[in-house]
Amino acid sequence: MKYPFLLVSFLFAATIFGQPADRTRLAPLPPMGWMTWNLCGDNINESIIRKMADVMESGGMVAAGYRYIMIDDGWQGGRDKKNNMVADSSRFPSGIKALAAYVHSKGIKLGIYSDAAPLTCAGYTASLNFEEQDAKTFASWDIDYLKYDYCHAPEDSATAKIRYTKMANALTASGRDIVFGICEWGGRQPWNWAATAGGSLWRTTGDVRDKWQAKPGEYGVGIMEIVNINAGLSRFAGPGRWNDPDMLIVGLYGAKGPSGDLGGIGCTDTEYQSQMSLWCIMASPLIASNDLANMNEITRRILLNREAIDINQDAAGHQGEQILNDENWLVLLKTLQNGDAALAILNKSGAARDTSVSLAALGLKGNYTIRDLWLHASVGKNNKWKGSIQAHETKLFRLIKK
Ligand code: GLA
C-alpha cells in the first residue's frame with residue numbers, strides 16, 4: 001500500500017472521534033424470527049422462549065430461515081449493586097445466558113431489548129448512561145441482537161443520533177457481533193442516519209396493530225398505513241441496512257395483546273397473506289409475532305412459503321420499488337440477484353377487480369416465465385398476465401428470466 005500511514009491515521013481518528021465501525025456485515029439479509037411483544041406484551045418468561053424455540057425447530061421455521069427469537073420489553077429485573085443489569089429472577093430463573101445457550105442449541109439466535117432513556121416504554125430499567133456496561137452484559141450473556149427503543153427520550157433527531165451511536169459503539173466494543181435494531185418509530189427519519197449510527201435496521205413507523213387499515217381519526221397503524229410509508233423508502237435499504245416496518249401480524253386473529261388493543265380487530269387470511277407478500281418484496285425483516293405453538297394450517301402456509309421467503313432473502317438486498325400507488329392499486333417491483341424479478345400487485349379497494357400487466361410496460365426486457373408464488377404455478381403467457389385480484393389480496397409473482 002502506498003499510504004499506510006494515512007490509513008492508520010484514518011482508523012485512529014475514526015476510533016477517537018467515535019465513528020462507528022461498519023456494522024452492515026451483521027445482517028446482510030433481512031433478519032427473520034419471532035418476537036414476544038404482540039402475543040405476550042411484557043408478560044414474558046423463559047418457558048415461553050424455550051417453547052417457541054422448540055416449535056420453531058420442530059415446525060420447520062428454523063429450516064425456512066426464521067433464526068432469531070427476540071425478547072422484547074419485560075425481561076428486566078433492575079440493576080445489581082454494581083449496576084449490572086439483571087433479568088427478573090421470577091420470570092427468568094435460569095438467567096439469560098442459560099436461555100441463550102438453549103436457544104443456540106436449536107440453531108436460533110437470541111435478541112434482547114432496551115431503550116435509550118432511563119426507562120423503557122413499559123417502564124422497566126433501560127440503558128441511558130449505562131451503554132458500555134449493558135452492552136458488555138448482553139455480550140457476556142451471548143446475546144446476538146438488540147432492539148433499542150426510544151420511549152422517555154427527547155424528541156429531537158440530534159439527541160437520537162447521539163444516543164443510538166453511543167450504544168452501537170458500545171456493542172462494537174463488547175467484541176461480540178450484536179445486530180442493532182433501531183426503534184424510534186420513524187419520527188426522526190432514521191432512514192437518513194440510522195445506518196451511520198450503527199443500526200442494521202430501523203423501524204419506519206409506529207407500532208403495527210392487528211388490522212388492515214385504521215379508520216379515519218383512529219389511533220394506531222394497520223398494514224396499509226405502514227405500507228404507505230415504508231414502500232416509498234426503497235432507496236435507503238440494502239444489504240446490512242433495512243427499513244423495518246414492524247412485526248408480521250400474520251395469524252394473530254385479533255388476539256388480546258399490544259397489537260390487539262386500540263382497535264386491532266384482526267385481519268382476514270387474505271390480508272395476512274398480503275402482509276407476507278408485501279414484507280417479502282419490501283425486503284423487510286420477517287418477524288412473526290403469533291403463537292407459533294398453535295398455528296392453523298393457513299398461517300403455517302403463509303409464514304412458511306419458501307418461494308416468498310426467497311424473494312425476501314435475495315442476496316442483492318434490494319427493497320422492491322414502488323411503481324404505482326393509487327386509490328386501488330399498489331405495485332412493487334424488485335430486481336433479484338440472478339436476473340429474475342419479483343412483482344407484487346395489491347388490490348387496495350374493497351371489491352375484486354380485474355387487471356392485466358405487461359412486463360414490457362414495466363420496463364422488463366426479454367422473456368419471462370411468470371410464477372405465482374401462492375399458487376406455486378406458472379401463470380400468464382407472452383410476458384403478460386391478466387386476472388382477477390380479490391379485495392386486499394396481493395398477487396406475488398417471480399418473473400423468471402428465460
Ligand atoms: C414500543 C415499541 C414496541 C415494543 C414496546 C415495548 O412501543 O415500538 O415494538 O417494543 O415499545 O414496550
Side-chain angles (χ1 to χ4, degrees), residues 30-45 48-49 52 68-78 85 87-88 91-92 96 110-128 134 138 143 145-155 160 163-164 167 178-191 194 199-211 214 219-223 225-226 229-230 242-250 252 255-264 275 279 284-290:
M32 295 174 63
W34 181 82
M35 193 176 277
T36 52
W37 186 247
N38 281 345
L39 188 67
C40 313
D42 65 346
N43 194 10
I44 50 177
N45 59 54
I48 295 173
I49 307 293
M52 287 304 170
Y68 284 92
I69 292 182
M70 279 82 154
I71 304 174
D72 205 291
D73 212 350
W75 65 270
Q76 308 89 329
M85 245 195 187
D88 181 318
R91 292 174 170 187
F92 294 86
I96 304 288
L110 189 63
I112 207 158
Y113 166 97
S114 194
D115 188 296
L119 293 177
T120 67
C121 296
Y124 294 84
T125 304
S127 295
L128 184 68
D134 290 356
F138 299 150
I143 288 292
Y145 179 108
L146 175 65
K147 171 176 175 177
Y148 207 46
D149 219 333
Y150 205 65
C151 280
H152 311 295
E155 293 244 326
R163 292 190 181 187
Y164 279 106
M167 183 46 107
I178 300 178
V179 173
F180 192 37
I182 287 180
C183 178
E184 58 74 78
W185 324 293
R188 283 145 287 264
Q189 305 194 314
W191 41 89
S200 295
L201 59 157
W202 48 86
R203 283 272 301 276
T204 54
T205 72
D207 294 2
V208 63
R209 306 291 173 201
D210 183 10
K211 62 182 171 189
Y219 178 75
V221 287
I223 293 171
E225 286 77 29
I226 288 185
I229 295 169
N230 200 71
W242 309 107
N243 290 310
D244 174 6
D246 207 5
M247 291 164 261
L248 294 169
I249 52 170
V250 177
L252 279 169
K256 276 193 179 313
S259 69
D261 60 14
L262 301 161
Q275 192 198 20
W279 265 232
S284 306
L286 297 179
I287 311 297
S289 62
N290 60 310

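The figures here come from the full heavy-atom set of this structure, side chains too, leaving out hydrogens, waters and symmetry mates. Note that ligands are numbered from 1 as they come in the structure, with each ligand's atoms numbered from 1 the same way.
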For [atom], what is the nearest protein heavy atom, given as residue, atom name and distance?
{"atom": "atom 4 (C) of ligand 1", "answer": "D72 OD1, 3.5 Å"}
{"atom": "atom 12 (O) of ligand 1", "answer": "D73 OD2, 2.8 Å"}
{"atom": "atom 7 (O) of ligand 1", "answer": "D207 OD2, 2.7 Å"}

Specify side chain, backbone, both or neither for D149, according to which of its non-hydrogen atoms lie closer than 4.0 Å to ligand 1.
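The side chain, only.
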Determine the sole option in V208, D210, D246, L248 for which the side chain to side chain contact (heavy atoms under 4.5 Å, CB included) test with N38 is passed.
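Among V208, D210, D246, L248, the one meeting side chain to side chain contact (heavy atoms under 4.5 Å, CB included) with N38 is V208.
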Contact atoms of ligand 1, heavy-atom distance to [X] under 4.0 Å:
{"X": "A122", "value": "12 (O)"}
{"X": "C121", "value": "1 (C), 11 (O), 12 (O)"}
{"X": "K147", "value": "3 (C), 4 (C), 9 (O), 10 (O)"}
{"X": "R203", "value": "8 (O), 9 (O)"}
{"X": "W185", "value": "2 (C), 8 (O)"}
{"X": "C183", "value": "2 (C), 8 (O)"}

Using modelled atom types and a 3.5 Å cut-off, is there a donor and acceptor pairing between side-chain atoms of R209 and backbone atoms of P258?
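Yes; at least one donor-acceptor contact below 3.5 Å.
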Measure from the side-chain N and O atoms of W75 to the backbone N and O of Y113, and report whether any donor-acceptor pair falls under 3.5 Å.
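Yes: the side chain of W75 pairs with the backbone of Y113.
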Can you check side-chain hydrogen bond (donor to acceptor under 3.5 Å, both in side chains) on W202 and N243, steps first, answer last?
CA-CA 6 Å; W202 48 86; N243 290 310; 2.8 Å; yes
Step by step, work out the side-chain contact (heavy atoms from CB on, under 4.5 Å) result for I112 and M85.
CA-CA 12 Å; I112 207 158; M85 245 195 187; over 6 Å; no
For the residue pair F180 and Y148, categorise the inter-ring angle as parallel (less than 30°), tilted (30 to 60°) or perpendicular (more than 60°).
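F180 and Y148: tilted rings.
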Donor-acceptor pair between D73 and Y124 side chains, under 3.5 angstrom
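No donor-acceptor contact under 3.5 Å links the two side chains.
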